[in-house]
Amino acid sequence: MIVILLGAPGSGKGTQSERLTAALDLVHISSGDLFRDHLGRGTPLGELARTYMDAGALVPDEVTIRMIADRLDRPDVHGKGRVLFDGFPRTVAQADALDALLGEIGAGNVGAAVFIDVSETTVVERMAGRGRSDDNPDVIRTRLAAFRRDTEPVIGFYRAQGKLVAVDGEGTVDDVFERIMAGLVACE
Ligand code: AMP
């Protein structure tokens, strides 16, 4: 089972990822967490990613795809094919690359792409309360623009394949979680 979680920054992807990985016994792969881990360890990849992350821009596809390929090579994933991707893919090129990578490791195909749909007002409110260094108003605007320009086409990519599970992301964490679980059951 390979599930993708899509949503604007501040849509609740991180919170729902934790619930979903526990409920469905999936390995959680968050590209944002992987970048932050590299940053914290001061690796060359982290240093490269830093400028993009600080500006709220996407890290270039080839860098991001290579990082995900390395992560998929670890034994907890390899061949098992039970993964929740959180924050990846964020571009259509990344979505294409993911299909190829999954094929290479024999992990099966993407089963469903969950899109957590929230209004821009909610996103801005939630991010303002988070206090992350890339959550200041200018950076938030850039991140939302990147989502609209680069990531919205990814929603269309999975919709065209009949894999999209779009859920209303307004309301409590429990409400949204239940909608996602119901959507995944209906998609199977
Ligand atoms: P996130 O925690 O998912 O909001 O990601 C934080 C930052 O990491 C983003 O604003 C981007 O700069 C970078 N990032 C995370 N995932 C990706 C991705 N799939 N492609 C490009 N950049 C990413």
Side-chain angles (χ1 to χ4, degrees), residues 2-21 26-73 77 83-102 110 113-118 120 122-158 163-164 169 173 176 180:
I2 309 276
V3 179
I4 311 257
L5 204 50
L6 296 164
S11 61
K13 283 196 307 294
T15 310
Q16 295 299 335
S17 289
E18 281 169 26
R19 303 280 297 263
L20 285 167
T21 45
L26 302 171
V27 176
H28 182 200
I29 299 187
S30 155
S31 44
D33 285 353
L34 290 173
F35 280 128
R36 279 183 287 276
D37 178 57
H38 276 279
L39 266 180
R41 288 186 288 127
T43 69
L45 192 149
E47 289 308 313
L48 180 78
R50 181 194 301 277
T51 39
Y52 296 95
M53 293 174 79
D54 283 351
L58 294 186
V59 179
D61 282 337
E62 58 174 78
V63 177
T64 305
I65 291 163
R66 204 175 336 119
M67 178 178 74
I68 294 289
D70 284 347
R71 179 64 187 87
L72 287 177
D73 240 356
V77 177
V83 183
L84 178 86
F85 289 97
D86 163 11
F88 178 89
R90 262 181 162 89
T91 67
V92 171
Q94 291 178 15
D96 279 328
L98 178 61
D99 285 343
L101 286 171
L102 292 173
V110 171
V114 175
F115 168 48
I116 307 179
D117 195 1
V118 288
E120 201 155 314
T122 303
V123 161
V124 172
E125 271 172 22
R126 286 188 189 167
M127 291 173 89
R130 244 171 19 175
R132 244 166 59 175
S133 64
D134 55 353
D135 278 352
N136 77 58
D138 278 349
V139 178
I140 290 175
R141 265 191 289 279
T142 309
R143 297 177 70 206
L144 283 172
F147 176 77
R148 280 194 294 267
R149 187 189 59 230
D150 298 314
T151 309
E152 280 186 355
V154 179
I155 298 169
F157 176 93
Y158 290 115
K163 293 178 177 170
L164 192 72
V173 171
V176 178
I180 294 174

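All values below were derived from every heavy atom in this structure, side-chain atoms included, with hydrogens, water molecules and symmetry-related copies excluded. In each ligand, atom 1 is the first atom listed, and ligand 1 is the first ligand listed.
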Top protein contact for [atom], by heavy-atom distance:
atom	value
atom 4 (O) of ligand 1	Arg143 NH2, 2.6 Å
atom 23 (C) of ligand 1	Phe35 CE1, 3.6 Å
atom 16 (N) of ligand 1	Ser31 OG, 2.8 Å
atom 15 (C) of ligand 1	Arg90 NH1, 3.4 Å

(message) Among residues at least two apart in sequence or on other chains, which ones pass side chain to side chain contact (heavy atoms under 4.5 Å, CB included) with Ala113?
(response)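 Ala113: side chain to side chain contact (heavy atoms under 4.5 Å, CB included) contacts with Ile4, Leu6, Tyr158, Leu164.
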
Out of all atoms in ligand 1, which are within 4.0 Å of some heavy atom of [X]? Include the element for each.
X	answer
Thr64	18 (C), 19 (N), 20 (N), 21 (C)
Ala57	11 (C), 12 (O)
Arg36	2 (O), 6 (C)

How many angstroms lie between [atom1] in [X] and [atom2] in [Y], if you round to the nearest 0.5 Å?
X	Y	atom1	atom2	value
Ile29	Thr21	CD1	OG1	11.5 Å
Leu102	Ile68	CG	CD1	10.5 Å
Leu144	Glu120	CG	CD	5.0 Å

(request) Can you tell me which residue pairs pass the side-chain hydrogen bond (donor to acceptor under 3.5 Å, both in side chains) test with a partner in residues 47-60, sequence neighbours excluded? (result)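 Counting only pairs at least two positions apart or across chains, the side-chain hydrogen bond (donor to acceptor under 3.5 Å, both in side chains) contacts touching residues 47-60 are Glu47-Arg50.
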
(request) Compare Met53, Gln94, Lys13 and give the one whose heavy atom is closest to atom 20 (N) of ligand 1. (result)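 Of the listed residues, Gln94 has the closest heavy atom.
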
(request) Run the salt-bridge test on Arg41 and Asp37 with the 4.0 Å N-O cut-off and return the result as yes or no. (result)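 Asp37 and Arg41: salt-bridged.
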
(request) Please state whether Pro9 comes within less than 4.0 angstrom of ligand 1, counting heavy atoms only. (result)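 No; Pro9 lies far enough from ligand 1 that no heavy-atom distance drops under 4.0 Å.
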
(request) Give yes if a backbone or side-chain nitrogen or oxygen of Gly87 is under 3.5 Å from a nitrogen or oxygen of ligand 1, and no if not. (result)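 For ligand 1, there is an N or O atom that lies under 3.5 Å from one belonging to Gly87.
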
(request) Of the side chain and backbone of Val59, name the one, both, or neither that has a heavy atom under 4.0 Å from an atom of ligand 1. (result)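 Both backbone and side chain.
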
